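Given the structure is predicted, the values throughout are model-derived calculations rather than measurements.
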Amino acid sequence: MKARRFGMPVAGIVLAVLVIILPLSIGHAEEGMYMMDKLDQLNLKKAGLKIKTSDIYNPNGTGLSIAAPRLSIGCSSSFVSPDGLILTNHHCAFDALVSASTTKENLADTGYRAQSRADELPAKGYAVDLTLKEEDVTAKVLAGIAEGDQKAIDARIAELQKQEQDKAGADKRVQIQPLTQGLYYYLFVYKRINDVRVVYAPPSNIGYYGGDPDNFEWTRHAGDFTFLRAYVAPDGSSAEYSKDNVPYKPAKYLAVSSEGIKENDLTMIIGYPGRTNRYRESFSVDYNQNERLPFLIDMLATRVKAYEMIGSGDPEKAVELQSEIFSLNNVIKAFEGAVLAMRRGRLIQEREASEAKLTAWVDADPARKAKYGEALPGLKAAYGAESKFSQKDLVLQYLNSVPTVQLIGGNLMGVQKERLKAAVPQFAGAEPIENRELVKFLLRKAAALPAGQKIDAVEKLFGSMSNEARIKAEEEFAKNVTEDESVTTEAGLNSFVDMSADQLKASKHPLVSFVVQLMPDFEAMNDRNEKLGAALEKNRLPFIKAMTEMKKANPYPDANSTQRFSYGRVKGYSPREAVTYTPFTTLDGIFQKDTGREPFNAPAKLKELWERKDYGNHAVNGTVPLDFLTTNDIIGGNSGSPVMNAKGELIGLAFDGNYEGLGNDFFFNPALGRTIVVDIRYVMFLTDKFGDASWILKEMDIRGGKKAKAAGK
């Protein structure tokens, strides 16, 4: 979204949405997350580009793309100084602030400012991955291999990967990944930097101003940014945190523009979008829209409720869990918006119409029918078979995610005891209240399953009861099997691992007996999943190839957390009748919303600066630019992505998408989909005037007259 938001996870819908179904052509400015080596095909000069495409991406590693690393927690970022200074979103650095917080000093609320480099705060669990090289190796992977011979393809990938790894050296990581079901194969070379530190993060009532009510919404007034820094050993090699480490010297870093932007200006984004499924068939869209996503919305809401229960009785846990609650609420809203967008966009019907055209095209030619005739019918048959059990399988899947169920079930299925033992400490550290609420939720969902999909083990326990009596019995059972010492301590859990399968089957422990009775359903579910997976693997690639051939255009690949490029323009939108949004907000808008109460509670110092109009060199027309909109195509994982102007200069950070544009893992709507960006001028104003950290700006290459001079340039 962690890839929580676009600003991730992952944030009015008009009554009718014009949807581009199965977009396969390169050159549609607002749509597409392109591989870096395809920039020459995008006609960027016509879009307004003022530098060469080789200045953006160069296979020799001299382009701007080398200045845009990925954070290990699932966000994007950029180097903005020769001394390893990194700019990303506040919500991307949130976990680092939480891990350094205490009940007495909650940095997630207050923010953090280093007085000097010596004070920069270790970001626990964070690393930076540099994309040093990417190469289209589709021809190398597939040369001489019969279509569909996955075993041979896997062997070829292993061979090529080893060759490249030997050339790259032990300090690099080489990976060859299939894109869009294997339509393409790309080789990536990465270098990891393991010492990352927090330099400056504003307080949450700046970084997340507006909170959940404003999440995925426009207008927006969040200063969603944080400065980090990458450190390496004195010899330049990657190293764990040490006081002897020195700032990393990036091969390239982004210059910053203080000149600003105007409507219709070209905007470019380099980042690491998480995952899209733009080429999915109608059956997959139907399942996700009507079953999977609604189920997940309810389940994640149950987890949020559980975490709030835990935090209400334990202040330390409240601090520890705030990041998880933040993340889950973000995902819930994203899923809700996705379901609404798909329904109002009539996405299933549009995909069905596209597939009907494909069927007619395939059937019109015997050669095409021989090549592609089985693909769509094969997908339809596979989903038809699975749909008879799909609701049941969702409940079973998440029952099997309960740690103790997973442990006991793994033992019954013959998982190596060493592996199970290794998981025991983690399972013992799980929150009993969370597990209790999850089991209660799943038992309620099981009770609501249609007649043909009932779970025998559940019905054996509760099937003779109804209404309040059943609910009460389910709640008592959930409490007993999640809060007893036998399932919350390492000693108790190890006893389950030490038992033989026969001993488990003979056990009178209520949880063990329940899992034993679930095993036939688990095994049947696994068998169905294997069959569905095999059918999808067999038919999806031919389906996509058929669509590609029919439309006579090559599709941009689905996102998969590898480095991508998108371009668009600064532009507002109209979400519904009689409403038009302009693409810019300013500091003034904060105080039009401000109530003095969370989440609309701007800091007192910010209000003082605003009232005095004490903006330093950062004022534009008597205020400070804050957030703006672009038409760039992004998805969760793009959080923190640098947004650049036509010269390749940094003008902002992508941090969110708009509610009307959600569902964009399955489709993109150029009329409504927007990227929400924090203006770099607001970042500089806050760092300078609010944060009193102008020393940070002095190491940056800030271009633009008096503002650059004010930063010490």
Side-chain angles (χ1 to χ4, degrees), residues 6-7 10-34 38-39 41-44 46-49 216-218 220 261-269 271 273 276-280 285 334 337-338 340-351 353-354 547 551 553-559 564-577 579-584 628-636 638 641 643 646 654 656-677:
F6 299 103
V10 206
I13 305 287
V14 291
L15 294 178
V17 179
L18 177 62
V19 177
I20 300 297
I21 301 303
L22 207 70
L24 292 167
S25 61
I26 286 179
H28 190 47
E30 289 86 358
E31 181 173 0
M33 304 174 198
Y34 298 101
K38 296 296 187 285
L39 302 191
Q41 301 178 24
L42 300 180
N43 201 8
L44 292 172
K46 185 176 180 181
L49 183 67
F216 293 118
E217 303 292 347
W218 188 256
R220 200 65 180 275
I261 34 79
K262 61 183 185 299
E263 195 160 5
N264 290 317
D265 277 359
L266 173 68
T267 53
M268 303 182 292
I269 290 176
T276 57
N277 300 292
R278 296 278 173 88
Y279 310 109
R280 286 292 178 87
V285 175
L340 189 59
M342 287 191 283
R343 286 178 178 164
R344 290 186 171 176
R346 295 179 56 80
L347 186 57
I348 296 171
Q349 294 86 344
E350 293 288 352
R351 293 283 164 100
S354 181
M547 279 288 188
K551 291 177 178 287
N554 290 321
Y556 60 84
D558 268 322
R564 302 298 177 90
F565 175 88
S566 74
Y567 72 113
R569 52 205 164 111
V570 177
K571 188 177 181 182
Y573 69 106
S574 179
R576 57 190 174 274
E577 185 179 59
V579 176
T580 299
Y581 287 140
T582 57
F584 303 103
F628 63 91
L629 295 173
T630 79
T631 60
N632 290 73
D633 188 1
I634 61 169
I635 196 74
N638 271 118
S641 293
V643 182
D656 216 346
N658 63 327
Y659 196 82
E660 297 84 354
L662 291 175
N664 53 340
D665 48 345
F666 285 96
F667 71 102
F668 180 77
N669 187 333
L672 293 177
R674 293 294 182 269
T675 292
I676 304 177
V677 185

Task: Under the side chain to side chain donor-acceptor pair (under 3.5 Å) test, residues paired with Thr276 that sit two or more places apart - done: Asp558
Open item on the list: Taking side chain to side chain donor-acceptor pair (under 3.5 Å) as the definition, give me every residue that meets it alongside Asn43, ordered by chain and number, with sequence neighbours left out.
Closed with: none
Open item on the list: Test your reading of the model: is there a side-chain donor-acceptor pair from Trp218 to the backbone of Thr582, 3.5 Å cut-off?
Closed with: yes
Task: Close aromatic pair by centroid cut-off 6.0 Å: Phe565 and Tyr34 - done: no
Task: Rounded distance (nearest 0.5 Å) linking atom CG of Leu629 with atom CD of Glu263 - done: 9.5 Å
Open item on the list: Going by the rule side-chain contact (heavy atoms from CB on, under 4.5 Å), which residues pair with Pro557 if we only count those two or more places apart in sequence or in a different chain?
Closed with: Met35, Leu179, Thr180, Tyr184, Arg564
Task: Side chain to side chain, Met547 and Tyr279, heavy atoms closer than 4.5 Å - done: no
Open item on the list: Once salt bridge (charged side-chain N to carboxylate O under 4.0 Å, His left out) is applied, do any residues pair with Lys46, and if so which ones, sequence neighbours excluded?
Closed with: none
Task: Rounded distance (nearest 0.5 Å) linking atom CD of Glu31 with atom CG of Asp633 - done: 6.0 Å
- [ ] Nearest 0.5 Å please: distance from the CD1 atom of Ile676 over to the CZ atom of Phe628.
- [x] 11.5 Å
TODO: Without swapping roles, check the side chain of Ser574 against the backbone of Val579 for a donor-acceptor pair under 3.5 Å.
DONE: yes
Open item on the list: Under a 3.5 Å distance rule, please check whether Arg351 uses its side chain to pair with a backbone N or O of Arg280 as donor and acceptor.
Closed with: yes
Open item on the list: Can a donor-acceptor pair be found, under 3.5 Å and without considering hydrogens, that links the side chain of Thr675 to the backbone of Asn632?
Closed with: yes
Task: Test salt bridge (charged side-chain N to carboxylate O under 4.0 Å, His left out) applied to Asp265 - qualifying residues, sequence neighbours left out - done: Lys262
Open item on the list: Taking Pro670's backbone N and O only, do any of them form a donor-acceptor pair with Arg674's side chain (distance below 3.5 Å, no angle check)?
Closed with: yes
Open item on the list: List the residues meeting side chain to side chain donor-acceptor pair (under 3.5 Å) with Tyr573, not counting sequence neighbours, and say none if there are none.
Closed with: Asn658, Glu660
Task: Between CG on residue Leu662 and CZ on residue Phe667, distance to nearest 0.5 Å - done: 9.0 Å
Open item on the list: Given 3.5 Å as the limit, does a donor-acceptor pair link the side chain of Arg278 with the main chain of Asn664, or not?
Closed with: yes
